[in-house]
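This is a predicted model, so every value here is computed, not measured.
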Amino acid sequence: MPRITLPDGSTRDFDHAVTPYEVAADIGAGLAKAALGAKIDGVLSDLNTTIEHDAQLAIITDKPRDDASRHDMLYLVRHSAAHVMAEAIQRIIPGVQLVYGPPLDTGFYYDMAVPEDRPLSSNDFELIEAEIEKIILENRPFTRVECPVAQGLDKLRAEGSKYKLDNAERAIVAGSDTLSWYVTGTPGANWEDLCRGPHVPSTGRIGAVKVLSLASSYWHGDENSDRLTRVYGTAFPSKKELDEHLELLEQARARDHRVIGKKLGLFHIDDMVGQGLILWTPKGSVVRTELQNFIAEELVKQGYTQVYTPHIGKLDLYRTSGHFPYYQESQYPPIVERESIEQLAQEGCSCAELANRLRDGEIDGYLLKPMNCPMHIRIFNSQPHSYRDLPVRLSEFGTVYRWEQSGELNGLTRVRGFTQDDAHLFCTEDQIADEMIGCLSLVTKIFRTLGMEDFRVRVGLRDPDSDKYVGDAANWDKAEQACKDAAATLGKPFSMEQGEAAFYGPKIDFVVKDVIGREWQLGTVQVDYNLPERFGLSYIGADNAAHRPVMIHRAPFGSMERFVGVLIEHFEGAFPLWLSPEQVRVLPISEKSAGYAKEVHAALAAAGLRTTLDDSNDRIQARIRVAAEEKIPYMAVVGPRDAEARTVSVRARGVQKDLGALPLVEFVKGLSMERDDRGEFTLKESMVPEAAGAG
RNA sequence: GCCGCCGUAGCUCAGUGGUAGAGCACACCCUUGGUAAGGGUGAGGUCAUGGGUUCAAGUCCCAUCGGCGGCUCCA
């Protein structure tokens, strides 16, 4: 007879098989009432699952006490909500066939095949939500019905639901010996869905559901298979939590770098220029330039040298590196010389033939560079090297072009032309570890300066069962160990992922978490044995013999485009002084102070500060509002009193009041220091200590 | 690339087959105001582009271009 062990270690003995609900009721009526499901020996289960043997049991309630049980609770609620939404949609559109409806971290979706003559549209959302609301109010129980495999398959065949039949067949292949349905209500009388569960006890326990968006998907994710309609939604046990979540979505939208970028005029993407090609406006260019300068300063400290390379190079270069034609589909097509084209035309070469001959290397041309490394390699190779020269560290803010699929393009974070903070290190095996550590310290320094302390590293290792990797096993072992050792020096946890290595070497990736918890994959450090081989690189060792160097590719911030995009979202457009396109705005109270305002403006400009003078014909309130909306860090308001005393009245971003008057020279000095230290609001904090961090 | 939705003034967006709209921004005038919107006047449009249906198209249909959300992809 079962002995139930609860999370606190206490046990309860029963002389008969019990359900989690009964155990909960045995503990207390309140718990039973709050219960939504259970974890039996670590397996998330229905509340009325029969427990016949000794088991560990945790009751999942609608008021979870820790993250793990909150995750489980939301899983139950959302999985159940997916069913209710599917039922609602089938009520509205009877011909809809169900495919697959799992919960997600932030909600759930349901894939369905919708009749062509009655597509779903977002106009249907209100209707669907109203229908969901009805089903929730009816508070029908989720009833599990199990049946033997053969009988279940017959039932699905009889219903003609090919997708569910496929799901069932997959479940059987995976080892299921029964099939289960969940009925919302009474079997035979109410709506049902093939599902392994578990679910909340009844539809009334779902709380609040919101239908969010429509998308399309493919059956099994295969683009040659059936196209399905995916309906996204989210659910919470209460309306309050749902509203809070929707509020968070709003906030994320307000933080979107595309929205802020447009509002603050940081960058522009122009139809006439091309998709995924960024035009950096004057303001955005300031942010990028300041960032590049900062990174470049650190690189000099680390012994890097800077190079410049052209935007195009001969196809042969990329044939040697292997980028062409191997990654051809993600490159802009080659540029072929006019004479070659004319000659081919005379020969009557067809387009198809041209494509083939290009691919096969029979026609010369140029490629818009998809990678900087081949050119850096040729720089390395332009001179003989001694082991005494190594490591050679060639860095470049190198612009590359890749043909990303049009559906993938997204603001600054996924583009077709971008500038990597790229560098290639040519070193000996023994130097790999130190070079990796150098890369990590650069990343740490820059993230810390930007207040992005929350980042993690991911070490990508080879898949031991695969033979796709180049280089010998001993080298791989050493390189992987170097990556792990380097990651360990950070003193924070890092993950190791097998099979995530590039085919030419292991790597370390950097993933930052922004202020609202989203993760962004930025840069990467990769060890490469392949390219030195392909280009026949060598250095002369202490033994006076030629040796093959190892290459490290590193772009710790990925691309300037993506990095600035992430920064825009991180700061919500409110950049620290040193990055701000406009650092301080001078605001005369009225025309009477225009002369002094010009003086203030000139003094700030002379100190190299980016400043403007707003002497437009508006009241001071209106001009302050405009400057605040533009997220300018400091305002210098000047009136007759300031002109008299040679002061400025300081107002700082994030503080809804005048911070008081400061002598002009002090103001210039304070701003200059804050800028040079790349600090955040050190001047503001010196004026109002209690406002520290309020910005 | 695929599916769905969308494209109206610089921006945000209304617009029911029948005369093209609002707010903000912009220009000019009045106002000279000490810390988050003072008032007035005005200019601004090939309703993404090209076809079609119709007496009549911003509105309906088709194609193209572009955006968004997903799917797939990401050296």
Side-chain angles (χ1 to χ4, degrees), chain A residues 109 111 114 119-125 212-232 253 256 258-259 262-265 268-276 318 321-324 326-331 370-374 400 402-411 413-416 501-505 507 521 524 526 528 530-531 553 555 558 587-594 615-630 635-643 648-653 655-661:
Chain A
Y109 67 80
D111 277 346
V114 178
L120 262 176
S121 95
S122 45
N123 298 328
D124 294 319
F125 288 0
L212 291 173
S213 64
L214 276 178
S216 92
S217 62
Y218 301 106
W219 194 22
H220 303 157
D222 173 5
E223 66 175 296
N224 297 313
S225 188
D226 296 10
R227 282 190 291 270
L228 306 170
T229 300
R230 177 170 296 183
V231 189
Y232 282 87
R253 174 71 191 154
D256 190 315
R258 292 164 302 183
V259 174
K262 189 175 262 184
K263 205 161 88 185
L264 300 185
H268 174 63
I269 301 171
D270 194 283
D271 290 2
M272 205 177 262
V273 174
Q275 285 184 292
Y318 294 101
S321 70
H323 294 122
F324 188 88
Y326 192 51
Y327 294 110
Q328 197 173 187
E329 76 289 347
S330 54
Q331 295 162 0
M371 292 285 229
N372 297 306
C373 33
V400 298
R402 299 183 189 175
W403 187 262
E404 300 287 352
Q405 294 188 56
S406 64
E408 282 309 321
L409 300 172
N410 179 283
T413 57
R414 197 74 188 268
V415 293
R416 282 186 174 161
F503 72 89
Y504 49 74
K507 63 175 181 173
Q521 148 94 56
T524 178
Q526 305 181 343
D528 185 357
N530 180 46
L531 283 178
H553 305 245
L587 303 170
I589 294 287
S590 75
E591 275 173 24
K592 285 177 197 147
S593 311
D615 55 0
S616 63
N617 186 14
D618 271 319
R619 291 175 64 205
I620 190 67
Q621 286 88 336
R623 284 176 287 146
I624 284 171
R625 181 186 149 92
V626 168
E629 283 187 343
E630 290 179 32
M635 293 176 224
V637 178
V638 294
R641 292 203 298 268
D642 295 293
V648 298
S649 297
V650 180
R651 190 170 163 128
R653 187 177 63 212
V655 184
Q656 295 272 343
K657 61 174 188 188
D658 180 2
L659 293 181

Is K592(A) close enough to G34(B) that one of its side-chain N or O atoms is under 4.0 Å from OP1 or OP2 there? no
Listed nucleotide nearest any side-chain atom of R651(A), set G66(B), C11(B), A36(B): A36(B)
Show the distances under 3.5 angstrom between N or O atoms of the protein and N or O atoms of nucleotides 26-30 of chain B.
from   : atom 1 : to      : atom 2 : distance (Å)
C30(B) : N4     : N617(A) : ND2    : 2.9

Using a 4.0 Å heavy-atom cut-off across all strands, classify T229(A) as base, sugar-phosphate, or nothing. nothing
What does K262(A) touch in the nucleic acid at a heavy-atom separation under 4.0 angstrom: a base, only the sugar-phosphate, or nothing? sugar-phosphate
In whole Å, what separates the C1' atom of G58(B) from that of G18(B)? 13 Å
For RNA chain B, what are the stems built from at least three Watson-Crick or G-U pairs in a row, each pair having both distances below 3.5 Å? B:1-7 with B:65-71, B:10-13 with B:21-24, B:26-30 with B:38-42, B:48-52 with B:60-64
Can you check whether any acceptor in the base of G34(B) is under 3.5 Å from a donor in the side chain of D642(A), or vice versa? yes
On RNA chain B, compare the nucleotides closest to E404(A) and V650(A); which residue's is nearer the 5' end? V650(A)
Given the structure, check if the side chain of Q621(A) and the base of U35(B) hold any donor-acceptor pair shorter than 3.5 Å. no
Quiz question: going by heavy-atom distance under 3.5 Å, is there a donor-acceptor pair between the base of C74(B) and the side chain of R414(A)? yes
Base, sugar-phosphate, or nothing: which does Q405(A) touch, judged by heavy atoms less than 4.0 Å apart? base
5' priority, RNA chain B, between V626(A) and P640(A) [closest heavy atom]: V626(A)
Using a 4.0 Å heavy-atom cut-off across all strands, classify Y504(A) as base, sugar-phosphate, or nothing. sugar-phosphate
Out of G66(B), G38(B), G69(B), which nucleotide sits closest to the side chain of Q275(A)? G66(B)
Using a heavy-atom cut-off of under 4.0 Å over every strand shown, decide if R258(A) touches base, sugar-phosphate, or nothing. sugar-phosphate
